[in-house]
J.: 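Please see the structure below; I have some questions.
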There are 2 protein chains.
Amino acid sequence: MPVHKKKLSEKIDLGGGHRMTPQRQVVYDVLMSSRDHPTATEVFIRVQEKMSSISLATVYNCLDTLAVAGIVKQVNVDREPSRYCGNLAPHAHFHCETCATVMDIDLKDGVEPSGSVKLPRGAKIQKVEVAVRGQCPECVRTNKRKNIS
Amino acid sequence: MPVHKKKLSEKIDLGGGHRMTPQRQVVYDVLMSSRDHPTATEVFIRVQEKMSSISLATVYNCLDTLAVAGIVKQVNVDREPSRYCGNLAPHAHFHCETCATVMDIDLKDGVEPSGSVKLPRGAKIQKVEVAVRGQCPECVRTNKRKNIS
DNA sequence: AATATTATTTAGAATAGTTCTTGATAAAAA
DNA sequence: TTTTTATCAAGAACTATTCTAAATAATATT
């Protein structure tokens, strides 16, 4: 019995001979409709609602393929599970230590994130990441205690 | 037979009822005499030269205790193994994707690292991390290719 | 269309860094 | 000294992720 039935409405080129498969499309759709930054497992759970036969390994594969193709971003906060994000515009991340969510923060116009550091002379810079840790406005307001021991 | 013989020259208070034990002291000494950013396993190897009976689990315990006490820093680059650093002054990190080393970079005087981002209003900021990825001067000079597939 | 080639999916095994468990040991407090 | 608390060590356990291998599907070629 065939597992795949869905027709693709629009084909996005992933480059390198990679195909936009139904699984990759569903994973991509889930990410594009997420404002939070789900982990692979969270993506898996959301994807399962649309395609119950998909496996976690495939979700990992798809996320990796999409990230390598450059159409989604992999976001790492310390050594916690990787999170994925469909926002391709340059931005930084805020990590709330109380509710453990990750949210985007915009960069100020005209200010280079690398401007605050003395870059080693002769180095080739590929990317500069700015990550802020603390307590998000929501958690400050409700005065929650940290849920991380 | 007793495992611990070394007398402590100077007792550093770790707070919270924690003791500066011979193992913790050796781990601390190794870190303070390292200019690179060794992983737990690398610290373990260096520590073994001074105290051959120590276990990897103890090195992990010591590193954690020292980090919680705030006298060393734990440095995370993406989801790679944690690295440890005795430099307590505020600074950023440069990660070379060719030789995989992590080096400190100084902050520019009078420039706040958080100055490049629009911090969420109402949030409580705990720390701002700036990480730069690229190729270090040494690797640029010798024109090495990436060693990461 | 039929065949050959290549890419993809899947389940489960394997991996690696780290944490946890347990009993023994040692230091500090009483 | 006795009691309490902290620490150490070995190995088991855990977890996020990657790998393996076989089945399947899509694309290219004939």
Side-chain angles (χ1 to χ4, degrees), chain A residues 1-8 11-28 37-45 47-48 50-69 74-84 100 148-149, chain B residues 1-8 11 13-28 37-45 47-48 51-69 74-84 100 148-149:
Chain A
M1 65 209 93
V3 175
H4 314 147
K5 292 171 194 164
K6 190 182 174 189
K7 277 276 159 61
L8 305 181
K11 292 226 177 180
I12 297 176
D13 185 37
L14 301 179
H18 292 308
R19 305 165 188 156
M20 178 51 94
T21 65
Q23 287 85 351
R24 287 174 183 164
Q25 185 74 54
V26 174
V27 168
Y28 180 69
H37 293 68
T39 63
T41 306
E42 287 164 351
V43 171
F44 175 55
I45 291 167
V47 163
Q48 273 188 311
K50 301 178 179 182
M51 187 186 274
S52 58
S53 65
I54 200 169
S55 74
L56 178 57
T58 296
V59 171
Y60 269 105
N61 285 341
C62 293
L63 288 169
D64 183 62
T65 303
L66 296 173
V68 168
Q74 183 178 22
V75 179
N76 292 113
V77 179
D78 287 0
R79 285 188 43 84
E80 290 168 25
S82 289
R83 294 167 178 277
Y84 296 86
I148 304 163
S149 68
Chain B
M1 64 204 97
V3 173
H4 314 148
K5 290 171 194 164
K6 191 182 174 189
K7 277 277 159 59
L8 305 182
K11 293 226 176 182
D13 184 38
L14 302 179
H18 293 307
R19 305 163 188 158
M20 178 51 93
T21 65
Q23 286 84 352
R24 287 173 183 165
Q25 185 73 54
V26 174
V27 167
Y28 180 69
H37 294 69
T39 63
T41 306
E42 286 163 352
V43 171
F44 174 55
I45 290 167
V47 163
Q48 273 187 312
M51 187 186 274
S52 57
S53 64
I54 201 170
S55 75
L56 178 58
T58 297
V59 170
Y60 269 106
N61 285 341
C62 292
L63 288 170
D64 182 63
T65 304
L66 296 173
V68 168
Q74 182 178 26
V75 178
N76 292 114
V77 178
D78 288 358
R79 288 189 41 84
E80 290 168 25
S82 288
R83 294 166 178 277
Y84 297 85
I148 306 162
S149 67

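Lettering of chains follows the sequences in order, A, B, ..., and the numbering in each one begins at 1. No experiment lies behind these values; they were computed from the predicted model shown.
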J.: C:dT18, D:dA9, D:dT17: which one has an atom nearest the side-chain heavy atoms of A:A40?
T.: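 Shortest atom-to-atom distance from the side chain points to D:dT17.
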J.: Find the distance A:N61:CG to D:dA21:P and express it as a whole number of Å.
T.: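 Going from A:N61 (CG) to D:dA21 (P), I get 16 Å.
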J.: Rounded to whole Å, how long is the line connecting atom OH of B:Y84 with atom P of C:dG17?
T.: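 Going from B:Y84 (OH) to C:dG17 (P), I get 12 Å.
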J.: Give the rounded distance in Å between these two atoms: CZ of B:R83 and P of C:dT18.
T.: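 Taking atom P of C:dT18 as the reference, CZ of B:R83 is at 10 Å.
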J.: Please name all residues satisfying salt bridge (Lys or Arg N to Asp or Glu O under 4.0 Å) with B:D64, sequence neighbours left out, ordered by chain then number.
T.: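 Here no residue qualifies.
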J.: Grab the CG-P distance between B:N76 and C:dA16 for me, whole Å please.
T.: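 My rounded result for the distance is 19 Å.
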J.: How would you list, by chain and number, every residue that makes a side-chain contact (heavy atoms from CB on, under 4.5 Å) with A:A57, sequence neighbours excluded?
T.: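 side-chain contact (heavy atoms from CB on, under 4.5 Å) check on A:A57 returns A:S55.
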J.: Could I get a table of every N or O pair under 3.5 Å where one atom is in the protein and the other is in nucleotides 11-16 of chain D?
T.:
| unit_1 | atom_1 | unit_2 | atom_2 | d |
| --- | --- | --- | --- | --- |
| D:dA16 | O3' | B:R79 | NH2 | 3.4 |

J.: Identify, between B:L56 and B:R19, the residue whose nearest nucleotide on DNA chain C lies closer to the 5' end.
T.: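 Nearest-nucleotide comparison on DNA chain C picks B:L56.
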J.: Using only atom types and a distance under 3.5 Å, with no angle test, would you say the side chain of A:R24 pairs donor to acceptor with the backbone of A:L66?
T.: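 No: the side chain of A:R24 does not pair with the backbone of A:L66.
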J.: What are the two closest heavy atoms between A:H37 and A:E42, and how far apart are they?
T.: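 Closest pair (atom of A:H37, atom of A:E42, distance): O-OE1, 4.2 Å.
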J.: How many Å lie between CD on B:Q25 and P on D:dA6, as a whole number?
T.: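 That distance rounds to 20 Å.
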J.: Please enumerate all residues that pass side-chain hydrogen bond (donor to acceptor under 3.5 Å, both in side chains) together with A:T65, with sequence neighbours excluded.
T.: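 Here no residue qualifies.
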J.: Under the side-chain hydrogen bond (donor to acceptor under 3.5 Å, both in side chains) rule, collect the residues that match up with A:N76, sequence neighbours excluded.
T.: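 Here the qualifying residues are A:S82.
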J.: Listed by chain and number, what are the side-chain hydrogen bond (donor to acceptor under 3.5 Å, both in side chains) partners of A:T41, not counting sequence neighbours?
T.: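 side-chain hydrogen bond (donor to acceptor under 3.5 Å, both in side chains) check on A:T41 returns nothing, list empty.
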J.: Any side-chain N or O of B:H18 below 4.0 angstrom from OP1/OP2 of D:dT7?
T.: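 Affirmative; the distance criterion is met.
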J.: Taking 4.0 Å as the cut-off, does a side-chain nitrogen or oxygen of B:T58 come that near to OP1 or OP2 on D:dA9?
T.: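 Answer is yes, contact under 4.0 Å.
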J.: Using whole Å, report how far CD1 of A:I54 lies from C1' of C:dT9.
T.: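 So the CD1-C1' distance, A:I54 to C:dT9, works out to 9 Å.
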J.: Distance check needed: C:dA7 P versus A:M20 CE, whole Å only.
T.: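 The distance from CE of A:M20 to P of C:dA7 comes to 17 Å, rounded to the nearest Å.
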J.: Taking atom P of C:dA7 as reference, at what distance in whole Å does atom CG of A:L14 sit?
T.: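 Interatomic distance, CG of A:L14 to P of C:dA7: 13 Å.
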